[in-house]
Amino acid sequence: MSSSFQAPKGTYDILPATAPTVLAVREAIAAPLRRAGYGYIETPVFEDVKLFSRGVGESTDIVSKEMFTLTKRSDEDLALRPEGTASVLRATLEANLHRIGNLPVKLWYSGSQYRYERPQKGRYRQFWQVGAEAIGAEDPALDAELIILANDAYRSLGLREFRILLNSLGDKQCRPVYRAALQEFLAGLDLDADTVRRAELNPLRVLDDKRPEVQKQLVGAPMLVDYLCEDCKAYHEQVRSILTDAGVAFEDDPKLVRGLDYYTRTTFEFVHDGLGAQSAVGGGGRYDGLSEMIGGPALPSVGWALGVDRTVLALEAEGIELPGPAASDVFAVPLGEQARGVLFRTVTELRRAGVSADIAYGGKGLKAAMKAADRSGARYALVAGERDLAENLVQLKDLTTGDQTPVALDALVTTLKEKLS
RNA sequence: GUGGUCGUAGCUCAAUGGUAGAGCACCGCGCUGUGGUCGCGGUUGCACGGGUUCGAUUCCCGUCGAUCACCCCA
């Protein structure tokens, strides 16, 4: 270990070698959103705990087990955000965005989220999501739009091996009826204590338990599809047909539930099979009741969040290489103190003219400085010593061909801008 | 939170109850005004803490971290 400190458990540093990929992923997800009229929003990384317990749901694992709560000097209870939707909706209500413009209010965000979980590949305590929310409109085209935008974002990155799972969770009319029926069915099964508890709090969650001994018993369980009311059924059919019309392939997954309480009707998940157990790269759905749950007016809404970390893993799994870190165009190699001063001024001038330039620091010898120039990946080396400076020249060496030509110092910026264009 | 596997150099990996080596990388020299190739030389490490032992990198325990699965989800 080269340092006595290390990144906290479940966190990692995004280093220059991989940073371009991370930035490219964020940008690839953001671009389709901007083109679709979504405005950027940033909210605090911490909020009142109650926003999450009421919004995300007291019975969810996210709130009951995975919340990063903060200790402070006052008596307010704060927690690091475990997801973005509740905060974005809170900000919307606080700023009355739903009153000053046309509905829906379309917003997107990009930022870190925090969950106190046992880390494993693709699951971290601090992770990044880019999310989108369309607040205040009930329209199947809006649900479909978001799924299409996420699909297009992934495709623009070159990803092909992901699947879209789609389901409807019903609304406040039909879901309670189903919930009761399911609970009755689950009560007759042989389940462990944790699962029995879950069956009481959030019975739908039991459906996507991966354990074979649980799945075996679920054969013949009442399915939500059979309980959907006419409105929900019609709504879901429209979402499906708009997606099909847009050429977006999806799979109906009647067991797709998701872990947040606020979802109603449309839910969906983007899964990638190359990631191991943590296969969801993104997910979302409609949350028609959330606004009221946190004290706002009725604002039917829909949104998603895509995991930046997992998308990077998906790219790796598919062997997709995004452009690496950009190298400087020019690397200056000074010979002696006088040249060091002149070349430093030249490098500054080049940078101001829009040419990316670096210089050998630390009084390296010529050989070492040339080596540094080579390793920097720069296209050109700029070599100068007293001999050249006496004639107001610098040596411009093309590092790919090895050709070297003298260039007048005051013509350098123009010459380089020409060569690099 | 539960269970399994793992932790030796910057990286990939060896060996060993008597305090460690290779390849690549890095630095220097050959070439004192020129990188990439080549030759020669050199630098860097037993995750942390405790126990057993004459002696522990090796055996045992704990901690930390990684990893896989469960759980959960992005």
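Just so you know, these numbers use all the heavy atoms, side chains as well, and skip hydrogens, waters and symmetry mates. Chain letters run A, B, ... following the sequence lines, proteins first and then strands; every chain starts at 1.
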Identify whether any heavy atom of [X] sits under 4.0 Å from a base atom; if not, whether one sits that close to sugar-phosphate; answer base, sugar-phosphate or nothing.
{"X": "Gly336(A)", "result": "nothing"}
{"X": "Ala381(A)", "result": "nothing"}
{"X": "Gly122(A)", "result": "base"}
{"X": "Gln113(A)", "result": "nothing"}
{"X": "Phe270(A)", "result": "nothing"}
{"X": "Lys367(A)", "result": "base"}
{"X": "Thr401(A)", "result": "nothing"}

How many Å lie between [atom1] on [X] and [atom2] on [N], as a whole number?
{"X": "Leu399(A)", "N": "G36(B)", "atom1": "CG", "atom2": "P", "answer": "11 Å"}
{"X": "Arg118(A)", "N": "G4(B)", "atom1": "CZ", "atom2": "P", "answer": "10 Å"}
{"X": "Met370(A)", "N": "G28(B)", "atom1": "CE", "atom2": "P", "answer": "14 Å"}
{"X": "Leu275(A)", "N": "A74(B)", "atom1": "CG", "atom2": "C1'", "answer": "10 Å"}

*Would the Tyr109(A) and Tyr40(A) ring centres measure less than 6.0 Å apart?*
no

*Given the side-chain rings of Phe250(A) and Phe268(A), with only the six-membered ring counted for Trp, is the space between their centroids under 6.0 Å?*
no

_Stacked cation flag Arg81(A) on Phe46(A), 6.0 angstrom / 45 deg_ = no

*Nearest 0.5 Å, what's the CD-CD1 distance between Glu251(A) and Ile164(A)?*
9.5 Å

_Once hydrogens and angles are ignored, does a donor-acceptor distance under 3.5 Å link the base of U34(B) to the side chain of Gln404(A)?_
yes

*Checking only heavy atoms, does the side chain of Arg205(A) share a donor-acceptor pair with the base of C72(B) at less than 3.5 Å?*
no

*Mind checking whether Phe68(A) and Tyr114(A) have parallel, tilted or perpendicular rings, split at 30° and 60°?*
perpendicular

*Among U34(B), G33(B), C72(B), which nucleotide sits nearest the side chain of Gln278(A)?*
C72(B)

*If U12(B) has a Watson-Crick or G-U wobble mate with both distances under 3.5 Å, name it; if not, just say none.*
A22(B)

